[in-house]
Amino acid sequence: MSKGLDVGTSYIVLSKENNGNIEYKDFRDAFYIIKPTTPVATAMIEKGLAGKVFIKDSDGSFILLGQDAIEKAIERNDNAKRPMYRGVVSAKEKDAKRILAFILKEVVGTASEPGEKLVFCVPGQPIDQEDDDFDIGYHEDVIKTVLGECGYDARPINEAEALAYSELSEDDYTGVAISCGAGMTNVCVMLNGEPTVVFSTTKSGDWIDRMAAVATGETDSVVQAEKESGQFVIGKPNENPILSAVSSYYERLIDYTTKNLSVALANHPLLPKFKDSLNVVIAGGTSLAKGYPETFHIKLKQNGFPLPIKQVKHSSDPLHSVSKGCLIASKVL
Amino acid sequence: MLNNNIILLFILISLNIIFITVGYILGKINKFSHNSTDNQYKPQSFISKQKNNNDTKTQSSIIDIDDTKVVVAIKTDGIEKKYSVLGNTQTSNEDISQSVNKLKNMKG
């Protein structure tokens with residue numbers, strides 16, 4: 001028995017085999033803290049939170065988790081917090097680490113046997129930022145420590161490499177895998193199962209939320225909720241000002257990502273000389289927007305993508321495919 | 001004569017400043033045009049990394065201090081759960097055994 005775990009900025013997704021099928025367990029990676037000021041307020045707040053997913057901390061504060069956290073934040077015209085930022089846990093955020101550890105333990109549970117293998121994904125090194133707080137090694141160590149406490153033998157895998165294992169099986173594990181998460185966009189160029197070029201960029205779904213929020217005067221959580229309603233098409237005008245802004249920023253994001261992709265790969269010394277054209281597979285929550293793969297394909301061509309493209313495919317299960325790739329990797333060990 | 005020396009000194013100092021400035025600018029241009037993927041590091045696949053972890057580590061002649069961040073204990077006791085179920089579970093009718101076997105055969 002082994003498991004796969006997508007530790008994402010927006011979602012945590014566990015996968016395991018169950019009678020020849022795959023069982024997924026996912027949870028929204030968000031929290032919102034309410035600190036009562038009086039004992040009466042404590043009782044009233046707790047009553048008001050009945051039916052929601054929340055915990056009570058030792059200092060008396062209530063912490064809503066997951067989708068309920070986002071909804072409560074919207075109610076209060078505030079932003080829900082995230083345990084991770086741009087794909088990694090921050091060493092400086094004490095609360096965030098604790099909440100992440102709690103959510104992880106709840107999602108993965110105890111290992112079915114000591115030393116059960118679990119493969120979790122980590123982002124690649126970004127090519128568009130230098131930030132001392134972005135420490136993949138530390139992030140890996142935190143996740144390993146937490147999962148180790150649950151009895152797992154946890155191993156990290158690059159997020160885009162995991163996606164390639166999930167989606168490029170019919171292409172003999174040759175092609176380009178792009179995971180469009182909330183915090184980052186991860187890329188892997190794979191040849192016969194070997195990753196040859198791996199990197200990430202730090203602009204993705206959260207960037208769209210932030211920019212659209214500033215443009216419209218709304219909170220990030222409100223923008224995110226509107227965006228996830230899916231009532232827009234990338235590049236097409238929309239009567240809703242929030243969705244109109246989101247649609248525009250999506251175009252800019254795809255343009256930025258494809259430009260970075262093209263520049264990073266052009267004249268790369270390790271880029272193989274592919275004799276056939278390649279499939280480019282896209283997954284991740286940010287790619288769920290209508291028109292994403294089509295716009296991505298157009299922009300790749302416009303921005304001089306140096307590899308021949310056969311098709312830009314959307315994963316059949318964009319939210320779960322990275323976790324599935326982690327599960328496949330765990331089985332190969 | 002004194003004037004000539006002053007002029008010479010002025011020229012030497014100016015040239016120094018110019019060369020330092022040009023060097024600084026070239027250094028910045030080189031840094032920004034440097035593509036962070038364009039380095040000698042070839043990514044190692046996940047499966048190769050796991051195999052290599054069993055090999056004996058080669059001794060390095062460079063003495064380095066480990067300055068990576070220490071993961072301090074993250075205590076989650078004291079947290080009281082106020083829900084019955086956390087997370088959504090769904091089953092997908094997918095069989096990954098073919099993918100796994102294919103990958104195993106490729107990796108040897």
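Throughout, protein chains are lettered first and strands after them, A, B, ... in sequence-line order, and every chain is numbered starting at 1. Bear in mind that the values here come from a model prediction, so they are computed numbers and not experimental data.
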I'd like to check [X] versus [Y] (side-chain heavy atoms, cut-off strictly below 4.5 Å). Are they in contact?
| X | Y | value |
| --- | --- | --- |
| A/K56 | B/K81 | no |
| A/I55 | B/Y83 | yes |
| A/V119 | B/F46 | yes |
| B/I96 | A/K331 | yes |
| B/D95 | A/N21 | no |
| B/V71 | A/K144 | no |
| A/R98 | B/I79 | yes |
| B/S45 | A/Y173 | no |

Quick one: do A/D57 and B/E80 satisfy side chain to side chain contact (heavy atoms under 4.5 Å, CB included)? Show the steps, please.
CA-CA 6 Å; A/D57 210 346; B/E80 199 184 328; over 6 Å; no
What part of [X] gets within 4.5 angstrom of chain B, counting heavy atoms only: side chain, backbone, both, or neither?
| X | result |
| --- | --- |
| A/D172 | both |
| A/L333 | side chain |
| A/V146 | side chain |
| A/N192 | both |
| A/E194 | both |

Considering non-hydrogen atoms only, spot the tightest contact between A/F102 and B/T76 and give its length.
N-CG2, 3.8 Å
Can you name the nearest heavy-atom pair linking A/V197 to B/P43, along with the distance?
N-CG, 4.1 Å
Using 0.5 Å steps for rounding, measure from the [atom1] atom of [X] to the [atom2] atom of [Y].
| X | Y | atom1 | atom2 | answer |
| --- | --- | --- | --- | --- |
| B/S92 | A/K324 | OG | NZ | 7.0 Å |
| A/E23 | B/E94 | CD | CD | 13.0 Å |
| A/K25 | B/T91 | NZ | OG1 | 12.5 Å |
| A/I12 | B/L86 | CD1 | CG | 9.0 Å |
| B/T89 | A/L14 | OG1 | CG | 9.0 Å |
| A/L49 | B/K82 | CG | NZ | 10.5 Å |

Given side chain to side chain contact (heavy atoms under 4.5 Å, CB included), test A/V142 with B/I74 step by step and report yes or no.
CA-CA 9 Å; A/V142 167; B/I74 306 168; 3.8 Å; yes
Proximal component of B/N101, with respect to chain A [non-hydrogen, under 4.5 Å]:
neither
Between B/K69 and A/D141, does at least one N-O distance fall below 4.0 Å, as a salt bridge requires?
no
Please identify, among A/S15, A/P156, A/S166, the residue contributing the most non-hydrogen atom pairs under 4.5 Å to chain B.
A/P156
Chain B interface, residue from A/E46, A/E149, A/K52 that has the most non-hydrogen pairs under 4.5 Å:
A/E46
Enclosure of B/Q98 CD (heavy-atom neighbours >12, cutoff 6.0 Å):
no
Could you walk me through whether B/L103 and A/Y165 pass the side chain to side chain contact (heavy atoms under 4.5 Å, CB included) check?
CA-CA 8 Å; B/L103 203 49; A/Y165 289 151; 3.6 Å; yes
